[in-house]
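Each remark here refers to the structure printed beneath this line.
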Amino acid sequence: MGAGAHVDQGALTLLLTDGEPGLQVWSAEQDDWIDVPHVPGVIVVNVGACLQEWSGGRYSAPLHRVLPPRGDRRSVAFFLRPEKGSPRVSPGERTSRQSWASETTERHANA
Ligand SMILES: O=C(O)CCC(=O)C(=O)O
Ligand SMILES: [Fe+2]
């Protein structure tokens with residue numbers, strides 16, 4: 001199954017993939033999608049919208065997607081994130097991890 005362009009909602013995502021291609025990350029520099037290489041045994045660490053917010057933008061949550069795979073594709077993701085619906089304090093405002101993720105995805109889309 002594929003996944004549309006998004007940023008992960010939480011703080012960190014740890015991802016194991018099986019080598020079947022599909023995962024891509026957006027490169028503003030290249031103005032294009034880039035395949036995330038599969039390296040056996042390597043765990044992909046992805047910054048999510050919460051960590052971006054907490055770090056004041058020092059770490060940025062990358063826009064990524066998963067193309068519909070041609071064959072069987074399996075991935076295992078561990079999401080480190082605040083409990084659903086729990087409010088988080090960011091400088092000056094109170095907002096939820098979901099709205100950070102939507103805002104960040106939107107910002108990427110309009111960049
Ligand atoms: O399956 C993948 O490689 C990534 C999935 C993903 O981006 C997600 O679950 O947030
Ligand atoms: Fe994701």
Side-chain angles (χ1 to χ4, degrees):
M1 206 171 73
H6 67 283
V7 300
D8 291 345
Q9 289 182 18
L12 280 176
T13 305
L14 306 183
L15 187 68
L16 273 171
T17 58
D18 64 358
E20 184 66 24
L23 179 61
Q24 296 187 317
V25 65
W26 176 253
S27 164
E29 207 170 79
Q30 299 184 30
D31 196 28
D32 206 357
W33 291 99
I34 297 177
D35 291 322
V36 176
H38 171 74
V39 182
V42 164
I43 295 173
V44 175
V45 180
N46 199 15
V47 170
C50 287
L51 184 54
Q52 176 176 300
E53 196 69 24
W54 296 337
S55 68
R58 177 167 184 169
Y59 301 107
S60 59
L63 188 67
H64 58 286
R65 69 180 184 183
V66 183
L67 297 176
R70 279 163 305 182
D72 214 18
R73 179 180 186 277
R74 280 163 213 277
S75 62
V76 179
F78 170 81
F79 298 101
L80 176 67
R81 58 195 192 188
E83 197 177 334
K84 198 168 185 179
S86 66
R88 295 284 130 181
V89 178
S90 67
E93 60 179 319
R94 219 171 156 77
T95 181
S96 71
R97 71 163 207 244
Q98 184 146 25
S99 65
W100 287 338
S102 319
E103 282 159 25
T104 308
T105 301
E106 195 99 331
R107 263 202 302 280
H108 276 298
N110 297 327

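None of these values were measured; they are calculated from a predicted model. Basis for what follows: all heavy atoms, side chains included, without hydrogens, waters or symmetry-related copies. Both counts, for ligands and for their atoms, begin at 1 and track the order of listing. This chain uses plain numbering: 1 for the first residue, then up along the sequence.
Separating the CG atom in L15 from the CG atom in D8 is a distance of 8.5 Å, to the nearest 0.5 Å. For the atom pair NE2 of H64 and CD of Q24, the computed distance is 11.5 Å after rounding to the nearest 0.5 Å. How far CG of L67 is from CD of E20: 11.0 Å, rounded to the nearest 0.5 Å.
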Tell me, with the steps shown, if T17 and R73 meet side-chain contact (heavy atoms from CB on, under 4.5 Å). CA-CA 8 Å; T17 58; R73 179 180 186 277; 3.6 Å; yes

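Remark: ligand 1 and D8 share an N or O pair separated by less than 3.5 Å (distance only, no angle test).
Heavy atoms of R65 come nearer than 4.0 angstrom to ligand 1 in no pair at all.
The closest approach of D8 to the Fe ion (ligand 2), by N/O/S atoms, is made by OD1. H64 contributes atom NE2 as its closest N/O/S atom to the Fe ion (ligand 2).
Each of the atoms 7 (O) of ligand 1 lies under 4.0 Å from some heavy atom of H64. The T17 neighbourhood of ligand 1 comprises atoms 3 (O), with distances under 4.0 Å to a heavy atom of that residue.
When heavy-atom distances to ligand 1 are checked against a 4.0 Å cut-off, L15 comes that close only through its side chain, counted from C-beta outward. The proximity of S75 to ligand 1, defined as any non-hydrogen pair under 4.0 Å, is limited to the side chain.
For D18 and H38, the side-chain atoms include no donor-acceptor pair closer than 3.5 Å.
Under the 4.5 Å side-chain criterion, counting only non-hydrogen atoms from C-beta, D35 is not in contact with L23.
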